[in-house]
Amino acid sequence: MHAVWRVFRYLKFYPWHIVANVAFNILSVFFNLFTFVMIVPFVELLFGTSQPPTELPAFSLSQEYLSAYMTYTLAALQERYSLWSCLIGIALCYLAFSFLSNLCRYMAQFFISPMRNGITMRLRNDVYHHITILPVSYFNSRRRGDLLSRMSNDISDIEWGVLTSVIALGKEPVNILVFAAALIFISPRLFLYFLIVLPLSLWLISTIGKSLRRNSVRGQRKLGGLFSIVEETLGNIRTIKSFGQERRQESLFEKANGDYAHTMTRVAVRRELSSPLSEVLLTLGLAFILVLGGMAVLHGEILSSVFILFVILFARLVPPVQSIVRVYNNLQKADAAATRIFEILDADESIYQKDNAVVMPPFANAIEYHGVSFAYHTDDQHDPIYVLRDIHLAIPKGKTVAIVGPSGAGKTTLVDLLPRFYDCTEGQIVIDGTRLTDLNINSLRAQIGLVSQNCILFNDTVAGNIAFGRPNYSRQQIEQASQVAHADEFVRQLPQGYDTNIGDSGLSLSGGQRQRLSIARAVLKDPPILILDEATSALDTESEQAVQLALDHLMRGRTCIVIAHRLSTIRNADLIIVMDKGRIIEQGTHQQLIDLNGLYKRLVDMQSFR
């Protein structure tokens, strides 16, 4: 349970809560023990089962001295006061001890609650923080539904498994130790009979716990798959409906849901088996004690009232033992969830920032690619799959460089290396003579604006999406950026204008409207380096022409890298790079490439553009 112990490390943030919880739990257990001890004088008063000693016995740390002292004291009190008064006094003592026991138990819970919720909060914050710093390549091979399941269900399992166990571990061991010590003090021989069945109990519990963990791991994985199906369905609902595949998706979901239910049923069956088994084994020990202890009472070896106390205390030992068994099983289940959480936290960041990274000064000269190659997958059994090979490219400041080529040529990967979404497998990229790996990542990305072919908007207002986390922008600046991107007109027609919430991913807007908001966001950032990855791909002809004029104006004096399939949008670029199969095969101006009569010319001819 290595992963569970790593969760326990979060306890270091709450030392005083732990101390207070343990202290009040100990007090609660002791007061609870005294409520049961009051049974002995109660039985002696009512039934007079033993003859009190004529004088106070000499002190000794034994059960015999305690019994003799209590019977002597009771006899003296009964002689001085009435039997009725003694019974009332015992009842009041019982109530006082019970009240103090429950008060201390409440105080223990009072101090543990902030710790429990605080650890869950810290763990969730750590996971989210790590997700935000992981490289883009990490998410290429992960299903978003599975990651969502880990953030929600797995952390909830840790909360109810590990942290609930922390509460039990702060109380139940104290219960067991105190009551076991009391039983040993009363009769070591009777307690020894109980220990006979203990090894069998531990073996059965351990076997059930291991099986529980295996099935819990399967259950968590199946739940992640279930979330992935739901996430894919919600994200592609229009496609599913247009192809009439509702029934197919329902079948996939029902099968995954059935598999998950079957696995969790097995988990529940094994979890619920442990508690009855532990109770049966403890009852077996109690049966030994009843027979052998009854014989000891008949032979005068132990007072009947003391034996009754022993049986009651032994019965009181059963719930905490069962609770520890449940804790063990919960920890096995939580370990499966914690393992999945720490798989995220232990994931290699890949994109590292040096300790002495330099804050990037304002971009001044050029961006240079020197022998850059990039492979998405590398492992010990297969050769790397390269998507870029030996790229040499210089982009002077203020120039517009267009990148064209067939799908899969590596265009987007080439520009993704610039803001360090990925790092080069071979070669290096240099800005103003400084390698990217020597620059502070945040300062580098602060000077790069990106408008991708996939519009990324958030469940926020229009103004919030354009400003995107930068409250220092005024409403006037936001509106001016919107006007440059030709978005102002449709924004003002929305119900609350710039304060209209556009929903998840901006799905309440059309594709062209979403794209124009993305362009407005880049305009507002006003970066010296601008990356346009099919920035006008989602616009109709009229909107494309209008936005292209705005972009042409925006791109003046900036260093722009434009990825385009519509070659009509890049004919005025200072340099056009033609890529195929991860390599640069042609470069030059539009006319130079037409005269070259190569791949670029064929692409132009296919689009009937000369």
> Hey, does the side chain of Q447 reach the backbone of P528 with a donor-acceptor pair shorter than 3.5 angstrom?
Replying inline: no
> With no hydrogens and no angle check, is any side-chain donor or acceptor of Y422 less than 3.5 Å from a backbone partner on L414?
Replying inline: no
>> Once rounded to the nearest 0.5 Å, what's the spacing between atom CD1 of I519 and atom OG of S482?
In response: 11.0 Å
> Are any of the side-chain nitrogens in R122 or D126 under 4.0 Å away from the carboxylate oxygens of its partner?
Replying inline: no
> Would you call D438-R435 a salt bridge at under 4.0 Å N-O?
Replying inline: yes
> Is there a side chain to side chain contact (heavy atoms under 4.5 Å, CB included) between I576 and T589 once you walk through the steps?
Replying inline: CA-CA 6 Å; I576 299 175; T589 64; over 6 Å; no
>> A quick test of your reading: do over 12 heavy atoms of other residues, nucleotides or ligands sit less than 6.0 Å from NZ of K255?
In response: no
> Under the side chain to side chain contact (heavy atoms under 4.5 Å, CB included) criterion, do N465 and R521 qualify, and how do the steps go?
Replying inline: CA-CA 7 Å; N465 270 281; R521 180 191 296 159; 3.7 Å; yes
> Do the non-hydrogen side-chain atoms of R571 and L567 ever get within less than 4.5 Å of each other?
Replying inline: no
> Under the side chain to side chain contact (heavy atoms under 4.5 Å, CB included) criterion, do I367 and L393 qualify, and how do the steps go?
Replying inline: CA-CA 8 Å; I367 302 167; L393 177 64; over 6 Å; no
> Is the shortest heavy-atom distance from the side chain of T400 to the side chain of L530 under 4.5 Å?
Replying inline: no
> Who pairs with R475 by side-chain contact (heavy atoms from CB on, under 4.5 Å), at least two apart in sequence or on another chain?
Replying inline: A463, E479, Y498, D499
> Residues in side chain to side chain donor-acceptor pair (under 3.5 Å) with S373, at least two apart?
Replying inline: none
> Taking the side chain from R150 and the backbone from R340, do they hold a donor-acceptor pair closer than 3.5 Å?
Replying inline: yes
> Going through the distances and angles, do I502 and T461 end up as a side chain to side chain contact (heavy atoms under 4.5 Å, CB included)?
Replying inline: CA-CA 6 Å; I502 60 175; T461 63; over 6 Å; no
> With a 4.5 Å heavy-atom cut-off, do L418 and I529 have their side chains touching?
Replying inline: yes
>> Working note: D346 + R6, criterion salt bridge (charged side-chain N to carboxylate O under 4.0 Å, His left out); need CA distance, chi angles, decisive distance, verdict.
In response: CA-CA 12 Å; D346 294 338; R6 292 182 65 181; 2.7 Å; yes
> Which of these, V451, L450, T559, sits in a side chain to side chain contact (heavy atoms under 4.5 Å, CB included) with I531?
Replying inline: L450
> Taking atom CZ of F110 and atom NE2 of H17, what is their separation to the nearest 0.5 Å?
Replying inline: 8.5 Å
> If every non-hydrogen atom of P15 is compared with every non-hydrogen atom of K12, which pair is closest and at what distance?
Replying inline: CD-O, 3.4 Å
> So, for A366 and P396, which heavy atoms are closest and what is the spacing to 0.1 Å?
Replying inline: CB-CA, 4.0 Å
> Backbone N or O of L509 within a donor-acceptor pair of the R514 side chain at under 3.5 Å?
Replying inline: yes
>> Measuring centre to centre across the rings, with the benzene-like ring taken for any Trp, is F374 within less than 6.0 Å of Y386?
In response: no
> Counting only heavy atoms not in F13, do more than 12 sit closer than 6.0 Å to its CZ atom?
Replying inline: yes
> Counting heavy atoms not belonging to E250, are there more than 12 under 6.0 Å from its CD?
Replying inline: yes
>> Working to the nearest 0.5 angstrom, can you tell me the gap between T413 OG1 and I563 CD1?
In response: 8.5 Å
> What distance separates D416 CG from D533 CG, expressed to the nearest 0.5 Å?
Replying inline: 7.5 Å
>> I want to know whether F468 and F458 have ring centres closer than 6.0 Å.
In response: yes
> Does F363 offer a backbone N or O that forms a donor-acceptor pair with the side chain of D432 under 3.5 Å?
Replying inline: no
> Which heavy atom in A402 sits nearest to a heavy atom in A573, and how many Å separate them?
Replying inline: CB-CB, 3.9 Å
> Are V462 and L517 close enough that some pair of their side-chain heavy atoms sits under 4.5 Å apart?
Replying inline: yes
> For the side chain of T425 and the backbone of A375, is there at least one donor-acceptor N/O pair under 3.5 Å apart?
Replying inline: yes
>> Applying salt bridge (charged side-chain N to carboxylate O under 4.0 Å, His left out), can you list everything that pairs with E426, at least two apart in sequence or on another chain?
In response: none
>> Using side-chain heavy atoms (C-beta onward) and a distance below 4.5 Å, is M115 in contact with I112?
In response: yes
> CZ of F111 to CG of N21: how many Å apart, nearest 0.5 Å?
Replying inline: 9.5 Å
> With the threshold set at 4.0 Å, does a side-chain nitrogen-carboxylate oxygen contact exist between D580 and R583?
Replying inline: no
> Under a 4.5 Å cut-off applied to non-hydrogen side-chain atoms, are I403 and I570 in contact?
Replying inline: no
>> Given 3.5 Å as the limit, does a donor-acceptor pair link the side chain of K411 with the main chain of M579, or not?
In response: no
> Mind checking whether D390 and H392 have side chains closer than 4.5 Å, heavy atoms only?
Replying inline: yes
>> Tell me the closest heavy-atom pair linking S518 and L457, and the distance in Å.
In response: OG-CD2, 4.1 Å
> Side chain of Q587, backbone of L575: donor and acceptor closer than 3.5 Å?
Replying inline: no
> Quick one: are P419 and L444 in side-chain contact, heavy atoms under 4.5 Å?
Replying inline: no
> Taking all atoms of both residues into account, what is the closest heavy-atom pair of N442 and Q353, and its distance?
Replying inline: N-OE1, 4.3 Å
>> Would the distance check show the side chain of H590 and the main-chain N or O of N572 forming a donor-acceptor pair, the cut-off being under 3.5 Å?
In response: no
>> Strictly distance-based, threshold 3.5 Å: is any side-chain N or O of Q493 a donor or acceptor partner for the main-chain N or O of F490?
In response: no
> Does the pair D526/R558 count as a salt bridge with the N-to-O cut at 4.0 Å?
Replying inline: yes
> Taking all atoms of both residues into account, what is the closest heavy-atom pair of L388 and G410, and its distance?
Replying inline: CD2-O, 3.5 Å
>> Quick check for you: to the nearest 0.5 Å, what is the distance between F342 atom CZ and L123 atom CG?
In response: 6.0 Å
